[in-house]
Protein chains: 2
Amino acid sequence: MGRKSIADIRREEFATAAFEVLSVHGMQGTTLQRVADHTGASKASVLHYFSNKQTLIETALRQANATLRKEAVALMNLASTPWERFYGILEANFSPTTFRPEVAHGWISMCAEVPHNPQFQRIQTVIYRRLHSNLVSALKDTGMTEAEAEHGANAVSLLIDGIWLRCGLQIGGLNREDAAAHIEAVVNKLFGDLAERQAAKAKMSALAQALTLNAA
Amino acid sequence: MGRKSIADIRREEFATAAFEVLSVHGMQGTTLQRVADHTGASKASVLHYFSNKQTLIETALRQANATLRKEAVALMNLASTPWERFYGILEANFSPTTFRPEVAHGWISMCAEVPHNPQFQRIQTVIYRRLHSNLVSALKDTGMTEAEAEHGANAVSLLIDGIWLRCGLQIGGLNREDAAAHIEAVVNKLFGDLAERQAAKAKMSALAQALTLNAA
DNA sequence: TAATTTATTGACTAATGGGTCAATCTATCC
DNA sequence: GGATAGATTGACCCATTAGTCAATAAATTA
């Protein structure tokens, strides 16, 4: 495996800075100058590592998404039953480190650009597909039919999208607990009130908390 | 009632043009020049009616929302039972005239700006509150408890948001029928499979279609 | 018809922001 | 130590765009 060169590290720094700036200032407000200031470097230095603003932001989004994915994978590896995998997905989507208004705002900013930017479109598609197939796979393994699993996955992913949107808009001041409760209420209606599911939820919730505490 | 002056009509023209440009080109791409071109007028003329770009776009969004609202009110006036009101709300949110990728993109563009623009924040809040209170009111009148109605309204409004987002992103190529089906599947699980509800759905769906045919 | 208001526009300004470039500065390698 | 490669940056350049302004055209009114 190739080790990280100095240049790679620098690129990462600028990319993370870019995502933070994007989250706070939106797409219009994300200027090369601001990103540079945010790292203490100069605008020209940023452009030394990224040929243009486009690729910088693209890299920033991919990197941010990779972070999310790593967290999700870590959780999934600890899941041993289908329902635990299901709740692993949910917990990852509402992890305290990522489920924050600024981060949500960053993603919404990307969404607004999707129709004008094929690269963003691709990123968005990848994210969506992964979520969907993970959900379907987990639900199917609980014993549902393909169709049931599809319906369930659709419903849950739509809810997640809706909640992230609302989080970014800071409507009704919803926090992580509220978000999880909203979803759980629907999930209960959708899939019935199984004791096995409750246990899986409790386990993955605890694991997620342990992981974030560990990371901090 | 004050009649519309020539100036008012002109303002409306520019505002509708602005929303159309916004829907196609996003917030960044919505320049005064483009809006002017889209109406055949000059940039300076636009600024003659709107002191700045800010108020132009704000007016455009309010106007677009007012159009939606009128459609919703027309449907609601034809509803006579709580479930009919409920489906009136749904139908209005998926009306063929408004539930289009470009329009959805326009709204997402606004959402992305909400954190930087108190006016947009206000518009967004108004829209959300109206939807929520309409849903709660209809559901409560079907005999649910306050809490049940709240939960139901939350679930449905989150789904609607998620679907609009997905529509704007043109993910999975979902069309109106798919969107309605997604929602209906969840609604069936949430509220049970009542014959009365089915009838209400059929009626409001037919009325909505009649209204849009009439408008065309 | 003359006067006054209103509409429209081309030309201009100022600021912003992406991107280039040549000059330095630093570190590594022979 | 000297050379070479990469890092960093200030100074530019150019395109874009919001907003101004004064001049002209059109319409309304007295």
Side-chain angles (χ1 to χ4, degrees), chain A residues 2-61 106 109-110 112-113 116-120, chain B residues 2-61 106 109-110 112-113 116-120:
Chain A
R3 305 187 43 202
K4 274 180 197 166
S5 68
I6 288 274
D8 285 337
I9 294 174
R10 206 86 178 94
R11 257 186 283 270
E12 272 182 33
E13 283 176 15
F14 284 130
T16 45
F19 188 78
E20 282 165 13
V21 172
L22 177 72
S23 297
V24 175
H25 292 100
M27 202 60 84
Q28 298 218 44
T30 301
T31 67
L32 292 173
Q33 192 58 59
R34 273 230 184 84
V35 175
D37 290 350
H38 199 259
T39 67
S42 72
K43 188 181 70 166
S45 201
V46 178
L47 284 165
H48 177 66
Y49 292 97
F50 294 92
S51 49
N52 52 39
K53 185 186 172 179
Q54 186 59 214
T55 59
L56 167 64
I57 295 187
E58 197 189 312
T59 310
L61 290 168
S109 300
M110 182 197 71
E113 294 301 308
H116 313 113
N117 190 319
Q119 292 298 331
F120 289 0
Chain B
R3 304 188 43 199
K4 275 180 198 169
S5 69
I6 286 274
D8 285 337
I9 293 174
R10 206 86 177 97
R11 256 187 284 270
E12 271 182 35
E13 282 175 14
F14 285 130
T16 46
F19 188 77
E20 282 166 13
V21 171
L22 177 72
S23 297
V24 174
H25 292 100
M27 201 61 83
Q28 298 217 45
T30 301
T31 67
L32 292 173
Q33 191 59 58
R34 273 229 183 84
V35 175
D37 289 350
H38 200 259
T39 67
S42 72
K43 188 182 72 166
S45 201
V46 177
L47 284 165
H48 177 67
Y49 291 97
F50 293 93
S51 49
N52 53 36
K53 185 186 172 181
Q54 186 60 213
T55 59
L56 166 64
I57 296 187
E58 196 188 313
T59 310
L61 290 168
S109 299
M110 182 197 72
E113 294 301 310
H116 315 295
N117 189 319
Q119 292 297 330
F120 290 0

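To find a chain, count down the sequence lines: A is the first, B the second, and so on, and within it residues start at 1.
In the interface, the side chain of B:K43 is paired with the base of D:dG19 through a donor and an acceptor atom under 3.5 Å apart.
In this structure, B:D37 atom CG and C:dT9 atom C1' are separated by 13 Å, rounded to whole Å. A straight line from CZ of B:F50 to C1' of D:dT20 spans 19 Å, rounded to a whole angstrom. Separating the CD atom of B:Q54 from the P atom of D:dG19 is a distance of 9 Å, rounded to the nearest angstrom. When the P atom of C:dG10 is taken as reference, atom CG of B:L32 falls 15 Å away, rounded to whole Å. The CE-C1' distance, from B:M27 to D:dA18, rounds to 15 Å in whole Å. Taking atom CD1 on B:I57 and atom P on D:dA18, their separation rounds to 8 Å, with Å as the unit. When rounded to the nearest whole Å, the span between CD1 of B:I6 and P of D:dA26 equals 16 Å. The CZ-P distance, from B:F14 to C:dT8, rounds to 7 Å in whole Å.
Taking side-chain N and O atoms only, A:Y49 has no distance below 4.0 Å to OP1 or OP2 of D:dG6. OP1 and OP2 of C:dA7 both lie 4.0 Å or more from every side-chain N or O belonging to B:S45. Between C:dT8 and B:R10, a contact under 4.0 Å exists linking OP1 or OP2 to a side-chain N or O. Here B:H48 reaches the OP1 or OP2 of C:dA7: one of its side-chain N or O atoms lies under 4.0 Å away.
No more than 12 heavy-atom neighbours from other residues, nucleotides or ligands sit within 6.0 angstrom of CD1 on B:I6.
Of the N and O atoms on the side chains of A:E58 and A:N117, not one donor lies less than 3.5 Å from an acceptor on the other residue.
Considering only the side chain of B:S42, C:dG10 comes nearest among D:dT17, C:dG10, D:dT9.
A:L47 comes within contact range of at least one nucleobase, with a heavy-atom separation under 4.0 Å.
Using a 4.0 Å cut-off between a side-chain N of Lys or Arg and a carboxylate O of Asp or Glu, A:R11 and A:D8 qualify as a salt bridge.
Heavy-atom distances to DNA chain C give each of B:A44 and A:Q28 a nearest nucleotide, and the one nearer the 5′ end belongs to B:A44.
Formation of a donor-acceptor pair under 3.5 Å by the A:S23 side chain with backbone atoms of A:F19 is found in this model.
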* **Verdict with reasoning, B:L56 to B:L32, per side chain to side chain contact (heavy atoms under 4.5 Å, CB included)** => CA-CA 9 Å; B:L56 166 64; B:L32 292 173; 4.0 Å; yes
